[in-house]
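Computation of the quantities below employed the complete heavy-atom set of this structure, encompassing side-chain atoms and omitting hydrogens, waters and symmetry-equivalent molecules. Quick note on labels: first sequence line is chain A, next is B, and so on, each numbered from 1.
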Amino acid sequence: MQPMSKAYNPSEHESRVWQKWIDANAFHADPDRVLNGDARPYCVLIPPPNVTAALHLGHALNNSIQDILIRAHRMKGYETLWMPGTDHAGIATQTMVDKRLKERGEPAIADYKQKELAGEDGRGQFVSLVQDFKDEFEARITDQLMKMGCSCDWDRQRFTMDDICARAVREAFFQLFKDGLIYRGKRLVNWDPVSQTALADDEVEMEEVDGHFYYLRYPLVKEIEGDPTVPVTWGELATRGYPDADNHPDDEQAWVTVATTRPETYMGDTAVAVNPKDPRAGAVRGMHVMLPIVGRIIPIIEDDYVVLPVKYGGEPGDAKAEMSTGFLKVTPAHDPNDYMIGQRHDLEMINIMAPDASISDQHGWDREERGEGGHVFLGKSREEARELVVKEFNARTVAEGSEGSLLEKMVPHKHSVGHSYRSHVPVEPYLSDQWYCKVTDDRLRGNAQRALTPEQRTEASLQAWPESAPTCPRGTGFQPVSPPSPSSSIPDALTIHQRHLPHWQLGGSTYFVTFRVETGTLSEKERDQVLDACFHFDGDRATIRLVTVMPDHVHMILTPLEHESGGYWPLQDLMHSIKSFTANAINRDRGATGPLWQDEYFDRLLRGQDEFVEKWNYMLMNPVKAELCEQPGEYAWTKRGEPGQRRRGRDGLEARPTRGGVEKGVCSTDGTMHFYPARYAKTYETWHDNLRDWCISRQLWWGHRIPVWSRSGVAPFEQFDQFSDWLFDGLTDGRLHARRRDDEEVTREFLQSGEQLDDLFICFKSEPTLEDIRILEEAGFTQDPDVLDTWFSSALWPLSTMGWPDASAAKDSSGIEDFESLLPAFNPTSVLTTAREIITLWVSRMTMFNRYFLSTNPRGTGFQPVTPPPSSLQDDGLEARPTEENMPGPAPFKDVFIHAMIQDGEGRKMSKSLGNGVDPLDIIDSHGADAMRFTLCQMTTQTQDVRMPVERDESTGKNTSPKFDLGRNLCNKLWNASKFALGMFEKAELKPGLPINPEELTLIDRWMLSRVTEATNKVNTALRNYMFKDYADAIYDLFWRDFCDWYLESIKPTIGDNPEQAAVLRTVFDAILRLMHPVMPFITETLFERFEPLPMREIEGFTFEQTKATDTLCLSGWPTPADELRDEVAEEAYERVRSLVTTIREVRATAQVKPKRQIVLHAGGELAADIARWSPLIETLAGVETVTADEPEGQSASFTFEGAEYRLSNLADALDAGAERDRLEKELATIEKSMAGIKGRLSNPGYVDKAPAHLVEQTRNQLAQLEKDHAATKAALDKLA
RNA sequence: GGGCGAGUAGCUCAGUUGGCUAGAGCGUUCGCCUUACACGCGAAAUGUCGUGGGUUCGAGUCCCUCCUCGCCUACCA
């Protein structure tokens, strides 16, 4: 192997290391190991990036996080699957390709549309161009992910339009269609006039726009003797009690004024609405208005949707009431609210626009037939039409000779208007025929809400969507987590926090509790008594899951239950009961008095499965480790709770006594999804509250074509018999489904008339045969030209990538042998990692679909029949409840982690238009993938977005950020520390040998082992809670601060002839590489290659997780140092060393001692003894040549340590006494300041009386210490004087 | 308008149930090419924790007021 270079150069290693992983097939997941029970599953699905563009820094962050989780779990022995893939992004990709073609001057989509019309398969030709584009970008994205080091299972890469995903889309559409959850509706959609397609609500972006309110006058008319155009005069209104009518001349024609921001839509008005409570309503009842220029006579209707103007009772301050005139123009075909009014009053809908949003009388406005005016507006764009309408109104009056124009006034107004996220033009509410998915159905929306863990749900949501369904007798979709097999390795060491605080606020949680015997041990009989006491309260105040009574301590896992008042039993009360119950009995038998137990330690089990299993394992192994038995099952005082107990929660996981009480039972597939950070659960819930049915059709070519055939506007069809035979055969054998527009049953009678076929929709379960197509075409049917919203296939991602609905077909088409094992092994997945903006749509839709399609019986029984789509856009209130035969499937992931958003230094989004984007590949080139990953990981917290100051490198024209230096520096440090350590091993012999007993090691070694142990715990906790900054900080501090700054510096003089120390260095470095690997895979793997051949001597308690293979670091086991390696004695002692060294260094720095100069420390007594025992730590770290008890001769400097004064000499040839005095005086001031604060606190009677005793005690000790320091420093100062 | 979040050192951010003298990295200052690392080592300086009140023996942390910023959402009368 080559000697190591002076600095780490990532480009020399990254591609080679990557190839090594690929050659080792290291990222390949084996689902059968999960199904055989050989390993627990851990699975992450990549949120498939759009094939429209290369990845940006946000993707880099997201994928780094996923890779960290995946790599850590792989090393922890889980069978891990990270499924990669890309998304076809229908509208975005189609637009991109079109733009590209135009730029190149090649035929673009308009030309292909022409071809298509000419019968030349323009569609097919265009789609194949998009396909080429997709191939190009898919390759680019894949390359980027690989450069970042993403350890995806690349053999399983999917694309949302590949044949496996397509099969899922077709099946899903068919099932939903058959179940009445997909319907056709003529409604207002968000129309993008440039792309000329419908958009879903989430594809519309709101933008602030400076507009105006236009106040338009519509003349009032009434019908007399068949003439509907007779003017109504103010005089007439006045007699009918119209307020203020007498302000106008009696004989003039009256008008009503409407306010609008969109005057150009007035041609589509079909009514004017007024609130029935409006004092003017009675006067105009039954009257009409005449639309100026157009001449249409439309009714005045009454609807309480209309806001009253302030003048007539509207609420002052309400923006609408302030602006309103009380009369509202109603344009059902161009405004969603007007649409609803139109529905209520059965108004005409007149669409006045062409698909490009120009004014047209060819798309629903039969102007000439009606004899209406307004031809001047035809062909005008929306903007032109607005100007023209305003101009025309302004030029006219209500009637000849009237005062004032039809345009009463214009008021500037700022408001936000929906814009297409793709073409950025204002979205037009446009009447059109589209397909909808009825997501408001309880089976979809309701189950998406119920998927959320009750702890994160709001009261309102729990009421609206109560947890449903009886207890679930069969599987839950989770792997059974009955306690793991005894043979599995000892789990992660536990971190137990002492908590004395209000756990009664944390009702319904499961706890891990430990309490110890004050002195002595328990006899066997006494252990029985404790067990009895525990179970005495089981099912009464708590559910006991597992107890193990050791001779000197007790562990238990339990869940407090609700008590009558609605709260939960406080854990303190429970413990008190159990402890006093047993203490009394045992003391009585022993004839003893006094306390038996110490305080308990307890830790809330915040998370379900992993932590539960970890602690469960820990408890089972406890007697084995204490050598009380050989196998976990053999210890007589380990008892599980009664398995048959009703109160046990799902899967024996979190017994979750929920608010209706435990008696109701818990639906095992509800309540499993957790958001991290938890606050996003609320966003998720609220989004569902406002949900409307989802428009799933798009007028595009790039996407999954809608598998529905229909027929309209063609000649009547003669051969009904043959056709209906064919149709009924298809219906009977289930390969197609037919629905009528009005959702009536499809009968033979229905088919009697060829014209009725126009109301028929036929959906095929799989691709229709040529024969089918022939029959359909003869009958005049054509396939729907539209495609599905891209999110429809994205929503199926957890299913489609795993081979649903037909894994054996997926196996055949992909050649992947174990495809059939994927879904059972890995769905539900472990976590979805995504950005904020995706919470709503994607998480929700995946949850809906996963739960729907994996339900025990998604169709038919158990659900109430669903009526055809309601005309209202809102949920119709259907409450179909699942039954036992019809259990919804699991949520597709257990956790949803929402990561931070990356912004530039000014807090703006990174975007192309601002030019503030940073390309991950540029950073990888300049700093290396590991540096980028570490920096991103270190910067991402749960509360703040990531601000990344962007700098432009003028020489390359590329954007970068100085932040990435942090990661690069760390890599370089790691590289050099390795070089140094490897150099050490050339001098210090490493050889295998008997396991090392850590107690026999030197202070510094025991300290280092303790630090690694603690850091490992920190890392485990951080990763479990998705605290990536904490993870980064933990390894940074461990490696740089503890290992490099102190450990390596300390062992320099001793390691050469201390083989045990060499073994510790070897093991510790190994552990550090492993802990760092998830975030910095390339460099750690590179270094591991150099360390791996060196023999490793076992240190007792320092073990590594068992994994599938160990030849590469990425497959090697995670460190699992035993808790016993935490060495408080060593930590405390080394803390004294550090403190002494720091103090001496400070003196050296202030006295300007040359770094190389070796000084003399004058210390006697106990400190001298300590220093001798620690030798040569102080000497090495503080640059001390000799330690002597003698008083210094000549010049010396003094310092205070632990309340005593010591001196240093040989600092320099001549000392600066002034500097020395300054230093001491400053120190004295600091001490005095601290003392004042502490004295103040102690002299406050409230503090001494009310603060916890141990704090007061601590404060007193502090004061005592400070007083000693003060005296010592004072003495030194006096001597100087 | 409604919701969520943020405001802590010059910059970017931590700060678990209220409790040792509020921390880290970068930057700054001083001294160092000291047996790997100047992408480094040693030392130092830097804070009215947005504002004003309240609860408490004790508040960066809990409650209320106000100010500033960000995101989401509603609003085309």
> Picking from B/rC37, B/rG5, B/rG19, which would you name as closest to the side chain of A/Tyr1247?
Replying inline: B/rG19
>> Could you tell me how far apart A/Glu1049 (CD) and B/rC37 (P) are, to the nearest whole angstrom?
In response: 12 Å
> Can you give the dot-bracket line for RNA chain B, using ( ) for pairs inside the strand, [ ] for pairs that cross earlier ones, | for pairs with another strand and . for unpaired bases, where Watson-Crick and G-U count if both distances are under 3.5 Å?
Replying inline: (((((((..((((.....[...)))).(((((.......))))).....(.(((..]....))).))))))))....
>> Under 3.5 Å, is there any donor-acceptor pair linking the side chain of A/Lys682 to the base of B/rC4?
In response: no
>> Using the side-chain heavy atoms of A/Met323, tell me which of these nucleotides is nearest: B/rA77, B/rC39, B/rG25.
In response: B/rA77
> With a non-hydrogen cut-off below 4.0 angstrom, is A/Leu328 in contact with a base, only sugar-phosphate, or nothing?
Replying inline: base
>> Please tell me whether A/Tyr305 and A/Asn337 have a donor and an acceptor in their side chains that are separated by less than 3.5 angstrom.
In response: yes
> When the distance from CG of A/Asn976 to P of B/rG40 is rounded to whole Å, what number comes out?
Replying inline: 10 Å
> Is any side-chain N of the basic residue among A/Arg836 and A/Asp945 closer than 4.0 Å to the acidic one's carboxylate O?
Replying inline: yes
> Between the main-chain N or O of A/Val1256 and the side-chain N or O of A/Arg1241, is there a donor-acceptor pair closer than 3.5 Å?
Replying inline: no
> The side chain of A/Asp1030 lies closest to which of these nucleotides: B/rA14, B/rC32, B/rA77?
Replying inline: B/rA14
> Using the ring of each side chain (for Trp, its six-membered ring), is A/Phe985 parallel, tilted or perpendicular to A/Phe1091, with breaks at 30° and 60°?
Replying inline: perpendicular
> With the threshold set at 4.0 Å, does a side-chain nitrogen-carboxylate oxygen contact exist between A/Glu951 and A/Lys963?
Replying inline: no
>> Please report the distance separating the C1' of B/rC62 from the corresponding atom of B/rC26, rounded so that it comes out in whole Å.
In response: 33 Å
> Reckon A/Asp1033 touches a base, only the sugar-phosphate, or nothing at all at heavy-atom distances under 4.0 Å?
Replying inline: nothing
> Donor-acceptor pair, A/Asp338 side chain versus A/Pro332 backbone, under 3.5 Å?
Replying inline: no
> Counting side-chain heavy atoms from C-beta on, which of B/rA77, B/rG25, B/rC32 comes nearest to A/Asp335?
Replying inline: B/rA77
> Between A/Gly326 and A/Ala1149, which is nearer to the 5' end of RNA chain B once each is assigned its nearest nucleotide?
Replying inline: A/Ala1149
>> If the condition is side chain to side chain donor-acceptor pair (under 3.5 Å), which residues does A/Thr265 pass it with, not counting sequence neighbours?
In response: A/Lys329
>> Please determine whether a side-chain nitrogen or oxygen atom of A/Arg1241 lies at a distance below 4.0 Å from atom OP1 or OP2 of B/rC20.
In response: no
> Which is true for A/Ser1234 with a 4.0 Å heavy-atom rule: it touches a base, it touches only sugar-phosphate, or it touches nothing?
Replying inline: base
>> By the 4.0 Å heavy-atom rule, please label A/Val306 as base, sugar-phosphate, or nothing.
In response: base
> How would you label the contact of A/Arg947 with the nucleic acid (heavy atoms, under 4.0 Å): base, sugar-phosphate, or nothing?
Replying inline: sugar-phosphate
>> By nearest atom, which of the nucleotides B/rC13, B/rC41, B/rU34 is closest to the A/Lys1156 side chain?
In response: B/rU34
> Where the side chain of A/Arg1041 is defined as all heavy atoms beyond and including C-beta, which of B/rG40, B/rA43, B/rG25 is the nearest nucleotide?
Replying inline: B/rG25
> For B/rC41, does OP1 or OP2 lie under 4.0 Å from any side-chain N or O of A/Trp1040?
Replying inline: yes
> Less than 4.0 Å between a side-chain N and a carboxylate O, is that true for A/Arg1041 and A/Asp1045?
Replying inline: yes
> Do the ring planes of A/Phe1039 and A/Phe1069 sit parallel (below 30°), tilted (30 to 60°) or perpendicular (above 60°)?
Replying inline: perpendicular
> CG of A/Asp1045 versus C1' of B/rG25: gap in Å, rounded?
Replying inline: 14 Å
> Contact class for A/Lys329 (heavy atom, under 4.0 Å): base, sugar-phosphate, or nothing?
Replying inline: nothing
>> Does A/Tyr305 reach a base, just sugar-phosphate, or nothing at all? Heavy atoms under 4.0 Å.
In response: base
>> Under 4.0 Å, heavy atoms only, any strand: does A/Thr260 hit a base, just the sugar-phosphate, or nothing?
In response: sugar-phosphate
> Looking only at N and O atoms, is any donor in the side chain of A/Gln938 or the base of B/rA14 less than 3.5 Å from an acceptor on the other one?
Replying inline: no
>> Base, sugar-phosphate or nothing for A/Arg679? Non-hydrogen atoms, less than 4.0 Å.
In response: sugar-phosphate
> Which is it for A/Leu1038 and A/Phe1043 under the side-chain contact (heavy atoms from CB on, under 4.5 Å) test, yes or no, and what are the steps along the way?
Replying inline: CA-CA 6 Å; A/Leu1038 171 70; A/Phe1043 182 75; 5.5 Å; no
> Touch check for A/Asp1037, heavy atoms < 4.0 angstrom, all strands: base, sugar-phosphate only, or nothing?
Replying inline: nothing
> Counting side-chain heavy atoms from C-beta on, which of B/rG40, B/rA14, B/rU35 comes nearest to A/Lys973?
Replying inline: B/rG40
> Which listed nucleotide (B/rC13, B/rA36, B/rA77) is nearest to the side chain of A/Phe213?
Replying inline: B/rA77
> Which nucleotide, B/rA77, B/rA14, B/rC32, lies nearest any side-chain atom of A/Lys1029?
Replying inline: B/rA14
>> Regarding A/Lys979, tell me which of base, sugar-phosphate or nothing describes its non-hydrogen contacts under 4.0 Å with the strands shown.
In response: sugar-phosphate
> Taking the side chain of A/Ile1238 as its heavy atoms from C-beta onward, which of B/rU21, B/rA77, B/rA36 lies nearest to it?
Replying inline: B/rU21
>> Rounding to an integer number of Å, can you tell me how far A/Tyr684 OH sits from B/rG5 P?
In response: 20 Å
> Considering only the C1' atoms, how many Å lie between B/rC20 and B/rU34, rounded to the nearest integer?
Replying inline: 35 Å
> If the P atom of B/rC41 is compared with that of B/rG25, how far apart are they to the nearest Å?
Replying inline: 11 Å
> Just to confirm, is there a sub-4.0 Å distance from OP1 or OP2 of B/rC71 to any side-chain nitrogen or oxygen of A/Arg836?
Replying inline: no
>> Base, sugar-phosphate or nothing for A/Met4? Non-hydrogen atoms, less than 4.0 Å.
In response: nothing
> Expressed as a whole number of Å, how far does the C1' atom of B/rG23 sit from that of B/rG47?
Replying inline: 12 Å
>> For a quick check of understanding: with a heavy-atom distance under 4.0 Å over all strands, which category does A/Gln1262 fall into, base, sugar-phosphate or nothing?
In response: base
> With sugar-phosphate meaning primed atoms plus P, OP1 and OP2, does A/Val427 contact a base, only sugar-phosphate, or nothing at under 4.0 Å between heavy atoms?
Replying inline: base
> What residues form a side chain to side chain donor-acceptor pair (under 3.5 Å) with A/His688, not counting sequence neighbours?
Replying inline: A/Gln449, A/Ser844
